[in-house]
J.: 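Here it is: the structure, laid out below.
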Amino acid sequence: METKEFIVIVYAYNQIGVLNRITNAYIKGNVNIEKLNVAETSEQGISLAVISAVTSEEAIRRVVNLLNNIIDVIEARFYEPEDMLYKELGIYRNLKITV
Amino acid sequence: MEKREVKGAEALLLSLLEEGVDTLFGYPGGAIMPLYDELYNFEGRLNHILVRHEQGAVHAAEGYARATGKVGVCFATAGPGATNMVTGITDAMMDSTPLVCITAQVTADMLGKDFFQEADTISITIPITKWSYQITKASEVMSVIAKAFAVARSGRPGPVLISFTKNAQTELTEYSYSKQKRHTYHKTHTIEEAIRSAAEMINSSERPLIVAGQGVIQSGAESLLASVAERGNLPVATTLLGISSIPSDHPLFAGNVGMHGNLAPNLMTQECDLLIGIGMRFSDRVTGDTKLYAPKAKVIHIELDKAEINKNIKADLPIHTDAKLALEMLSERVIYRDRVSWFEFADRCRKREEVEVVEKLLSDTDGELSMAQVIDKVAAAGKGEAVIVTDVGQNQMMAARYSKFKHSRSMITSGGLGTMGFGLPAAIGAKLGVPHKEVVAVTGDGGLQMSIQELGTIMQSDIGVKILLLNNSYLGMVRQWQELFFKHRYSFTEMVNPDFHKIAEAYKIPSAKVTHYDELDSAISLMMSHKGPYLLEVVVRNEENVFPMVPPGASLSNLILDEKQ
Ligand SMILES: Cc1ncc(C[n+]2csc(CCOP(=O)(O)OP(=O)(O)O)c2C)c(N)n1
């Protein structure tokens with residue numbers, strides 16, 4: 001199966017254990033995390049995680065579905081690095097700390 | 001609402017009452033003592049059932065939830081109490097059973113110091129809960145419990161774990177409760193479009209097959225399922241957890257799909273031109289080899305958990321909503337078609353199974369008993385009114401094959417996890433949930449001994465469950481696989497068993513043992529007419545196999561009907 005880098009953007013309520021649940025979705029999907037950055041957004045109590053992994057599209061879809069089922073996750077989506085630059089640059093501006 | 005100061009423990013129990021809880025299952029210990037002390041004041045309002053092992057508390061809560069449709073609640077202390085719950089919680093996660101499990105925790109100040117009986121329950125249960133939260137302040141109790149119940153029962157239901165630190169149990173807080181609303185499903189433009197396409201596909205299909213799962217039961221769509229099927233003249237098969245979503249004697253009921261399902265719906269899966277999965281997840285036990293599954297069919301998948309869509313089987317038309325809304329919308333659009341040759345095909349399959357499997361087993365009245373004969377007779381005695389709770393293994397598959405159901409929520413079984421030891425405690429919970437119904441726990445000799453201590457719960461709380469022990473002196477299902485796929489090498493599957501009659505007697509539970517066909521009828525009617533708990537042990541063939549069977553990893557087309565195949 002073809003593998004490549006996928007970047008997953010997760011918005012979540014900033015609570016104890018939520019990061020544990022997020023990384024658990026990767027464990028369940030058997031996908032290794034290459035990079036992980038988390039920071040609070042300009043909206044108080046809401047964090048943003050940017051997670052990069054090299055895997056197949058099928059596997060990353062499964063992980064993202066699991067992420068979206070986490071009660072304290074507001075939204076998770078995946079991108080390829082090229083999409084990122086153009087479409088999602090906006091999200092960085094929401095961050096207090098740049099990732 | 002008037003506010004008053006109460007202890008966190010009292011706030012929690014009051015919150016449970018607000019959520020409509022009347023029964024809970026639990027086991028006390030050090031860290032949970034303040035909560036149990038408060039529970040002492042709730043006699044008459046909360047019926048606490050003292051189990052004999054925390055795994056039993058979770059299974060009992062599962063049985064209660066599955067029989068009633070309400071959220072099951074269980075209590076355990078910190079550390080070993082909480083870790084003993086892990087199997088039960090995993091079972092509930094796999095089978096989407098709504099639970100709120102409350103485990104105590106050491107005082108918040110001591111967290112992380114390996115205090116006596118500290119276990120990191122939150123981390124341990126992350127992969128097996130829909131949501132979890134550690135309450136460290138009494139003021140959090142009300143909102144957390146409200147969220148716990150809302151999460152457990154909304155969407156695709158599941159277990160929630162609340163870890164309740166000792167200090168939060170004893171601290172004071174102002175009590176005021178407001179319930180969280182349940183998520184409801186709405187018609188959206190996308191769903192309307194999809195339903196329109198689905199109706200077109202159904203109306204033009206020559207050979208449709210509905211496969212109904214537990215989602216139909218959980219959304220309360222049973223009568224809609226029957227009415228859509230009747231309007232469109234569509235055959236309905238059920239998954240293991242979908243059993244009883246449509247009455248067994250419904251003319252459009254085609255049987256159960258899957259590894260030990262019926263011949264007709266399995267072969268219909270392979271022949272159909274349209275497969276409509278409703279509230280189900282295409283588990284490997286249902287599909288066999290996914291590459292060879294339903295090869296001639298377009299697939300419509302109605303499912304509210306988006307993660308299930310396109311996970312195992314690619315859907316030509318995914319409809320991401322709950323079964324009830326989808327069926328409601330479909331019922332206005334499906335039109336009747338005869339499909340004579342399709343129903344003839346189903347009939348031929350049904351007759352073939354009748355002759356080659358069922359009659360062969362049921363008609364042999366001289367030899368050793370078949371599990372099929374026992375379940376068939378219990379089904380006749382129960383007249384489709386009884387709730388059947390099974391353990392895991394051959395007894396489970398035979399119960400699924402030969403039981404008859406008139407009402408929804410009357411088949412309770414561990415599907416996803418296949419947890420031996422589930423049957424007896426789950427039957428206890430089911431009986432407490434629906435006390436006016438007959439509840440029969442069908443179990444094997446292996447599975448019964450995995451939670452046999454719950455006989456003590458039955459004795460102490462006088463719970464009128466009927467225990468049907470199908471004793472083959474083997475771990476039968478594993479032995480079957482050894483016979484069929486491991487060259488008859490019976491590696492550690494033979495069981496040397498205790499005298500179950502003496503065990504029942506020690507627990508003051510009346511019992512009987514049957515070995516011959518001619519004793520069966522009277523023994524079963526004695527059990528069914530007995531008020532209060534009863535154990536009937538039936539000695540069945542040692543080396544019986546459950547057929548039909550789709551061998552593991554094979555296509556549904558390659559199912560086998562006997563050992564010779
Ligand atoms: C907790 C647990 N351990 C092991 C298994 C594997 N297993 C599945 S069926 C089975 C045999 C069950 O034997 P028994 O309870 O006697 O029932 P039978 O199949 O004979 O009806 C075993 C060991 C399981 N499902 N659950």
Side-chain angles (χ1 to χ4, degrees), chain A residues 1-4 6-33 36 38 40 43-49 51 53 55-80, chain B residues 90 93-94 96 98 100 105 108 111-112 120-137 140 143-144 146-163 165 180 183 281 290 301 303-315 318 320:
Chain A
M1 204 168 281
E2 194 200 338
T3 62
K4 55 185 169 196
F6 289 98
I7 291 163
V8 172
I9 308 283
V10 190
Y11 287 93
Y13 294 106
N14 183 9
Q15 296 213 341
I16 293 182
V18 74
L19 189 59
N20 207 335
R21 283 196 180 265
I22 289 170
T23 54
N24 187 255
Y26 282 80
I27 298 174
K28 188 166 182 194
N30 194 31
V31 173
N32 187 41
I33 293 174
L36 165 68
V38 192
E40 189 164 78
E43 203 158 327
Q44 209 199 339
I46 295 181
S47 292
L48 172 64
I51 309 164
T55 183
S56 68
E57 185 168 330
E58 194 191 331
I60 207 72
R61 271 185 202 283
R62 218 167 27 237
V63 169
V64 168
N65 280 333
L66 292 172
L67 291 170
N68 278 312
N69 272 353
I70 298 171
I71 298 294
D72 293 319
V73 162
I74 300 158
E75 193 186 27
R77 283 170 189 263
F78 73 92
Y79 300 89
E80 291 176 36
Chain B
T90 314
M93 187 71 176
M94 286 289 261
S96 316
V100 171
Q105 183 56 288
L111 283 167
D120 182 358
T121 314
I122 291 290
S123 296
I124 290 170
T125 56
I126 275 182
I128 56 167
T129 50
K130 191 173 166 191
W131 184 65
S132 55
Y133 191 86
Q134 183 151 277
I135 297 177
T136 53
K137 294 192 286 284
E140 297 175 315
S143 62
V144 170
K147 181 167 175 181
F149 277 82
V151 168
R153 64 178 151 228
S154 66
R156 179 178 178 176
V160 167
L161 182 125
I162 303 301
S163 168
T165 59
Q180 272 193 22
H183 181 78
R281 63 183 178 94
T290 49
H301 191 187
E303 167 59 46
L304 57 68
D305 182 358
K306 197 163 168 239
E308 293 299 347
I309 293 174
N310 294 329
K311 184 176 91 176
N312 297 333
I313 294 294
K314 179 122 188 50
H320 177 212

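Just so it is clear, the model here is predicted, and its values are computed rather than measured. Residue numbering restarts at 1 for every chain, and letters A, B, ... go by the order of the sequence lines.
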J.: If you count the non-hydrogen atoms of other residues, nucleotides and ligands that lie under 6.0 Å from NZ in K147(B), is the total more than 12?
T.: yes

J.: So what's closer than 4.5 Å to chain A heavy atoms on I126(B): side chain, backbone, both or neither?
T.: both

J.: Chain B heavy atoms under 4.5 Å from N24(A): which part of the residue, side chain, backbone, both or neither?
T.: side chain

J.: Ignoring hydrogens, what is the shortest heavy-atom contact between G45(A) and E40(A)? Give both atom names and the distance.
T.: N-OE2, 3.3 Å

J.: Once rounded to the nearest 0.5 Å, what's the spacing between atom OG of S47(A) and atom OH of Y11(A)?
T.: 11.0 Å

J.: Tell me, side chain or backbone of Q15(A) under 4.5 Å from chain B's heavy atoms, or both, or neither?
T.: side chain

J.: Quiz question: by atom type and distance under 3.5 Å, do the side chains of S56(A) and R62(A) form a donor-acceptor pair?
T.: no

J.: So which part of N310(B) gets closer than 4.5 Å to some heavy atom of chain A, the side chain, the backbone, both or neither?
T.: neither

J.: Under a 4.5 Å heavy-atom cutoff, which of G155(B), P127(B), S123(B) has the most pairs with chain A?
T.: P127(B)

J.: Which heavy atom of Q134(B) sits nearest to which heavy atom of E140(B), and what is that distance?
T.: O-OE1, 4.0 Å

